[in-house]
Amino acid sequence: MKRTKVIDILKSTAFGSEVTVMGWVRTKRDSKTIAFIAVNDGSVIHNIQAVVDVANFDTELLKSISTGACVSITGTLVQSQGKGQSSEIQAKKIEVFGTADDTFPLQKKGHTLEFLREIAHLRPRTNTFGAVLRVRHHLAYGIHKFFNDKGFFYLNSPIITSSDAEGAGEMFRVTTLDMDKLPRKDGKLNFEEDFFGKETNLTVSGQLEGEAAATGIGQIYTFGPTFRAENSNTPRHLAEFWMIEPEAAFNDINDNMDLAEEMLKYLVKYALDNCADDLTFLNNMYDKDLLNRLNTVVHSTFKRITYTEGVDILEKSGHKFEFPVKWGIDLQREHESFLVEHFKTPVIVTGYPKEIKAFYMKQNEDGKTVRAMDVLFPYVGEIIGGSQREENYDKLKARILEMGIDEKTLWWYLELRKFGTCPHAGFGLGLERLVLFITGMTNVRDVIPFPRTPKNAEF
RNA sequence: UCCUCAAUAGCUCAGUUGGUUAGAGCACCUGACUGUUAAUCAGGGGGUCGUAGGUUCAAGUCCUACUUGAGGAGCCA
């Protein structure tokens, strides 16, 4: 008999009809004549309860069904005689696909998230990770839907790049050279003998290629894996994470802010609308203020301030910061948190000093600041970083030279300004930080299936 | 990379000023129970105290190094 997913069984009112559920046993409670098996198949956070008349089944078969076992149960869908659920399955036939012996590490009681990270291959069988993974899926889908509906095209930017001038972080090298016999030329590694004939790395950003596409087909977004070889050990950093980078021709910094704010609100609302059960579970188990916080963001207006205004607020706050505030310094995490707390809403900061931002950002008329923007969120901090791009060839080239970047590797990026240049802007959204905010989890390692962090690539 | 903290049963933890045979709850096994809800009740098995050194008559406990993990900082999404 064809299986019915738990999500559909729970919605069904076809009492008396026969259904087959396949899934993993969460708990079994038994007495002399009756047993109850709670089965979860991941389609929804809730379990379906199968009621077993012990007399009708082989004792050994029932004994082999323990927490973690995978079973197929066929029976009659009935209204529950007990409290706690409205419907259940009166079992007629039980097949055990796979038992789980006493070494199965997931028990019915709670586990710490740290322990579950060590058994990432089994995490999806828990309520928490089922919820997080489903929310993550819906958000990914919502992102595609949002941009598609706005006329943005999904761009597959390359994962292997030779660009090393983006300044976005340390990179992972990609090579097919024999590590035991590295070719040398004039004392240096000879990358001419490498697969691509030059030094290549995993991408730290698809932005530059995104700009190339946007200055041809107008509006694009990338959505793919991104790699940073930074030795970052924080709850907000991963060596491999997923980034969404929209880029739009003819957008200025204000359009860019509008897009970011609209997108974030859309996605939070999308999650609330499509992941109600999972978010309710997370709200109850981890953070009683989660749903309230999400609703607040949907109905908020993000506070937009300039870097200069931000520094002013921090200086006048009278608050003692570990890192003293002065115009010109980069905002520290304590400063960002203060601003978010100060306005009690997401904050967008623009107009940073050019010295602390990337070479490609559009320079303002004051000669001191650039049209950068950081979107700061409660709990997760910087969730988006972006800017209007410098579209003036001479200014961009001057900035590249000023910062000591090798312009040769950026020849094609400069040509975007040489031929039919146009104003444009974009930003990068860290998917894990968004999922973090929306699920109420507190560590990005718990919102990606198999986290990659320094000293950890087990699975 | 820097700072702080931690590591004891499968899991979560307790273990006093260093002192006999290292404990509990859950999980697991056995038994009881006719509708349970992280079922309940009774009994049972289960440990190289992260690793390597050191101090001491004696180390889970003190010291050193290392490993791993967590939090904070930096870097950033």
Side-chain angles (χ1 to χ4, degrees), chain A residues 26-38 46-47 49-55 63 66-68 78 80-85 88 90 100-119 122 126-127 166-170 204-207 222-245 260 285 321-323 330-334 336-337 356-358 374-377 380-386 427-437 442-448 453-456 458:
Chain A
R26 286 297 171 76
T27 79
K28 185 179 74 168
R29 297 174 287 271
D30 52 7
S31 61
K32 200 174 192 174
T33 60
I34 192 166
F36 303 91
I37 303 171
H46 308 295
N47 305 328
Q49 170 165 282
V51 183
V52 179
D53 188 345
V54 172
K63 240 171 97 173
S66 57
T67 299
V78 297
S80 180
Q81 296 172 35
K83 290 169 189 161
Q85 59 281 316
E88 62 194 16
Q90 194 70 46
D101 68 17
D102 59 4
T103 61
F104 182 64
L106 294 173
Q107 33 174 89
K108 300 176 203 175
K109 297 241 171 187
H111 290 287
T112 59
L113 294 169
E114 289 83 353
F115 172 67
L116 293 175
R117 272 172 223 157
E118 292 169 16
I119 50 167
L122 297 173
T126 63
N127 286 334
E166 295 163 26
E170 295 294 314
V204 292
S205 166
Q207 181 200 316
T222 69
F223 187 168
T226 309
F227 308 88
R228 305 262 168 100
E230 298 287 352
N231 194 7
S232 296
N233 292 289
T234 84
R236 299 175 303 282
H237 290 85
L238 293 164
E240 176 185 289
F241 64 100
W242 288 69
M243 188 154 67
I244 296 94
E245 295 181 286
M285 292 298 287
F321 294 104
E322 193 187 333
F323 294 88
D330 204 356
L331 294 181
Q332 307 294 313
R333 189 162 161 71
E334 57 172 343
E336 295 178 350
S337 301
I356 59 173
K357 288 293 180 184
D374 283 357
V375 180
L376 310 178
F377 256 46
V380 294
E382 186 181 337
I383 200 167
I384 278 178
F427 60 80
L429 165 73
L431 177 65
E432 284 74 22
R433 290 188 181 174
L434 177 70
V435 180
L436 200 65
F437 178 75
T442 53
N443 191 315
V444 283
R445 294 164 203 160
D446 297 328
V447 298
I448 189 167
T453 53
K455 304 273 184 259
N456 184 6
E458 180 67 25

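- At a cut-off of 3.5 angstrom, the base of B/C11 holds no donor-acceptor pair with the side chain of A/His111.
- The same atom, C1', is picked in B/U64 and in B/U56; the two are 16 Å apart, to the nearest Å.
- One finds a side-chain N or O of A/Thr112 lying less than 4.0 angstrom from the OP1 or OP2 phosphate oxygen of B/U12.
- Closest non-hydrogen pair, A/His111 versus A/Leu106, comes out as NE2-CA, 3.4 Å.
- With B/U1, B/G74, B/G35 as the choices, the nucleotide that has an atom nearest any side-chain atom of A/Val51 turns out to be B/G35.
- Counting only heavy atoms from C-beta outward, the side chains of A/Asn456 and A/Arg117 never approach each other to under 4.5 Å.
- Note on A/Arg445: a side-chain N or O is less than 4.0 Å away from OP1 or OP2 of B/A70.
- For A/Arg26 and B/U36, the CZ to C1' distance is 18 Å, given to the nearest whole Å.
- The interatomic distance linking A/Phe227 (CZ) with B/C76 (P) rounds to 20 Å, in whole Å.
- In terms of phosphate contacts, A/Lys108 brings no side-chain nitrogen or oxygen within less than 4.0 Å of OP1 or OP2 of B/C11.
- Side-chain atoms of A/Arg29 and A/Thr27 include a donor-acceptor pair closer than 3.5 Å.
- Residue ring and base: A/Phe36 does not count as stacked with B/A39 (centre distance below 5.5 Å and interplanar angle below 30° not both satisfied).
- Among the protein residues, A/Gly82 comes within range of the nucleic acid bases, having at least one heavy atom under 4.0 Å from a base atom.
- For A/Asn233 and B/G74, the shortest distance from a side-chain N or O to OP1 or OP2 is not below 4.0 Å.
- Remark: the separation of the P atoms in B/C49 and B/G44 is 25 Å, to the nearest Å.
- Rounded to whole Å, atom C1' of B/C66 lies 13 Å from atom NZ of A/Lys455.
- The interatomic distance linking A/Glu118 (CD) with B/G69 (P) rounds to 8 Å, in whole Å.
- Counting atom types as modelled, A/Ser232 pairs no side-chain N or O with a base atom of B/C76 as donor and acceptor under 3.5 Å.
- Residue order along RNA chain B, read from the 5' end via each residue's closest nucleotide, puts A/Asn443 first among A/Asn443 and A/Arg333.
- If you take atom C1' in B/G60 and the same atom in B/G50, they sit 12 Å apart, rounded to whole Å.
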Base-pair string, RNA chain B, Watson-Crick plus G-U, cut-off 3.5 Å on both distances, | for inter-strand, is (((((((..((((.....[...)))).(((((.......))))).....(((((..]....))))))))))))....
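- Residue A/Arg29 has no polar side-chain atom (N or O) positioned under 4.0 Å from OP1 or OP2 of B/U36.
- In this model, the phosphate group of B/A70 is approached by a side-chain N or O of A/Arg117 to a distance below 4.0 Å at OP1 or OP2.
- Proximity of A/Gln107 to the phosphate of B/C28: no side-chain N or O atom is located under 4.0 Å from OP1 or OP2.
- Side-chain nitrogen and oxygen atoms of A/Thr27 include at least one within less than 4.0 Å of the OP1 or OP2 phosphate oxygen of B/A39.
- Taking atom CG on A/Leu106 and atom P on B/A38, their separation rounds to 17 Å, with Å as the unit.
- Without hydrogens or angle criteria, A/Glu230 side chain to A/Glu170 main chain gives a donor-acceptor distance under 3.5 Å.
- Comparing the same atom, P, in B/U8 and in B/C13 gives a spacing of 9 Å after rounding to whole Å.
- Of the candidates B/A77, B/U34, B/G74, B/A77 carries the atom nearest the A/Arg433 side chain, counting heavy atoms from C-beta on.
- Of the listed nucleotides (B/U34, B/A70, B/A77), B/A77 has the atom at the smallest distance from the side chain of A/Arg228.
- The base of B/U36 does not come close enough to the side chain of A/Asp30 for any donor and acceptor atom to sit less than 3.5 Å apart.
- Applying the 3.5 Å distance criterion, the base of B/U36 shares a donor-acceptor pair with the side chain of A/Gln85.
- Contact of A/Gln49 with B/U36 (side chain to base): a donor-acceptor pair of N or O atoms is detected under 3.5 Å.
- A gap of 29 Å separates the C1' atoms of B/A70 and B/C28, to the nearest Å.
- On a pure distance criterion of 3.5 Å, no polar donor-acceptor pair joins the side chain of A/Glu334 and the base of B/G72.
- Whole-Å rounding puts the A/Phe323 CZ to B/G72 P distance at 14 Å.
- Residue A/Gln81 is classed as a base contact, given a heavy-atom separation below 4.0 Å to a base.
- Taking atom CG of residue A/Leu116 and atom P of nucleotide B/U12, one finds them 9 Å apart after rounding to whole Å.
- Taking atom CD1 of residue A/Ile119 and atom C1' of nucleotide B/U12, one finds them 14 Å apart after rounding to whole Å.
- When distances are taken from the side chain of A/Asp102 to each of B/A73, B/U30, B/C28, the shortest belongs to B/C28.
- Looking at heavy-atom distances under 4.0 Å, A/Glu458 makes no contact with the nucleic acid at all.
- Of the C1' atoms belonging to B/A77 and B/A6, the separation is 29 Å, rounded to the nearest Å.
- Comparing A/Ala239 and A/Pro235 along RNA chain B, the residue whose closest nucleotide (by nearest heavy atom) sits nearer the 5' end is A/Pro235.
- If you take CZ on A/Arg445 and CG on A/Leu113, they are separated by 11.5 Å, rounding to the nearest 0.5 Å.
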